[in-house]
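Given the structure is predicted, the values throughout are model-derived calculations rather than measurements. Residue numbers begin at 1 in each chain, while the letters A, B, ... track the order of the sequences.
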2 protein chains.
Amino acid sequence: MRIGELATRSGVSVRALRYYEEQGLLIAERSISGQRHYPETALEKVGFFQDMYSAGLTSKRIAELMPCFNTGHTDAEQRIMLRTERDRIHERVTQLTSALRRLDEVIAVADTHP
Amino acid sequence: MRIGELATRSGVSVRALRYYEEQGLLIAERSISGQRHYPETALEKVGFFQDMYSAGLTSKRIAELMPCFNTGHTDAEQRIMLRTERDRIHERVTQLTSALRRLDEVIAVADTHP
DNA sequence: CTTGCCTCTGACGTTAGCGTCAGGTTTTAG
DNA sequence: CTAAAACCTGACGCTAACGTCAGAGGCAAG
């Protein structure tokens with residue numbers, strides 16, 4: 001499929017998809033005229049990118065993760081990085097949960113003092 | 001206390017504290033010579049800011065929250081905003097948890113295919 | 001054929017939360 | 001008293017993930 005279709009189906013912008021290619025995340029095949037063509041599997045990858053971005057990983061980190069994601073094979077360094085990111089995200093969940101509690105307290109006070 | 005002490009005690013930079021003041025979040029009293037002086041309660045507020053920032057709220061949003069945080073009183077509009085932010089954070093926790101699961105899968109594969 | 005939508009490559013703009021000088025005053029330690 | 005350390009106000013820099021033109025080519029329909 002071409003870039004517009006992938007954009008609408010995956011819910012990201014055309015610009016974002018070209019950006020992913022710039023970053024080495026999602027390199028498309030090209031038609032003779034130079035237009036990008038993506039396989040169906042690109043959809044899944046874009047979803048993975050969104051998850052990772054929303055988890056606070058950088059493009060560079062995600063690029064480093066792609067070999068693992070594609071082949072399921074890793075070296076020692078990659079496994080360390082995987083755990084590092086995992087732990088970072090986990091800590092972030094903890095932080096967010098803490099923020100959530102604080103907001104809930106404020107909300108509770110707001111409800112009893114209307 | 002002065003800005004340097006608050007910075008070290010709260011773990012944020014002096015620049016950040018001045019930035020908070022720019023954003024209307026934490027306005028210090030001034031000595032005659034113009035130096036900022038903070039009460040002890042500033043520590044708690046800075047912690048609150050950090051929680052909110054880390055939860056993805058903007059300075060503007062946090063500024064809107066401060067009346068609730070300070071006085072415990074809210075109007076209808078503020079209560080709506082509180083719930084909106086709360087829900088946003090909750091959704092983000094869900095996203096992060098999803099990202100965490102994906103990473104865990106990759107890690108699991110990595111461990112069984114060393 | 002041509003209309004209209006899609007795509008291409010640059011390349012500059014944006015936003016937020018600070019970092020980092022520069023150049024000058026104030027406070028503190030000895 | 002003096003030197004170091006801390007503080008002040010601008011003001012420019014930075015990064016990341018795109019947004020947003022501009023200008024030009026590509027492609028299915030009528």
Interatomic distance where [atom1] belongs to [X] and [atom2] belongs to [N] [whole Å]:
X       : N      : atom1 : atom2 : result
B:Ile62 : C:dG17 : CD1   : C1'   : 11 Å
A:Glu22 : C:dA11 : CD    : P     : 12 Å
A:His37 : C:dC8  : NE2   : C1'   : 12 Å

Considering all heavy atoms, the nearest B:Arg36-B:Ala28 contact
CB-CB, 3.6 Å

Note: A:Ala7 and A:Ser13 closest approach over all heavy atoms is CB-C, 4.2 Å

Pairwise distance [atom1]([X]) to [atom2]([Y]) - rounded to 0.5 angstrom:
X        : Y       : atom1 : atom2 : value
B:His90  : A:Leu96 : NE2   : CG    : 11.0 Å
B:Ile62  : B:Gln23 : CD1   : CD    : 9.5 Å
B:Arg18  : B:Arg15 : CZ    : CZ    : 7.5 Å
A:Glu40  : A:Arg9  : CD    : CZ    : 4.5 Å
A:Arg102 : B:Asp51 : CZ    : CG    : 5.0 Å

Name the pairs: protein N/O against N/O of nucleotides 27-30 of chain C, kept only if under 3.5 Å.
| residue | atom | partner | partner atom | Å |
| --- | --- | --- | --- | --- |
| C:dT27 | OP1 | B:Ser33 | OG | 2.9 |

Expected string for nucleotides 9-22 of chain D under the B/S/- scheme (protein heavy atoms, under 4.0 Å, primed atoms plus P, OP1, OP2 as sugar-phosphate) is B-B-----BBBB--

Applying ring pair (Phe, Tyr, Trp, His ring centres under 6.0 Å) as the test, list every pair that has at least one member in residues 10-29 of chain A; sequence neighbours left out.
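Every pair satisfying ring pair (Phe, Tyr, Trp, His ring centres under 6.0 Å) with a residue in residues 10-29 of chain A: A:Tyr20-A:Phe49, A:Tyr20-A:Tyr53.
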
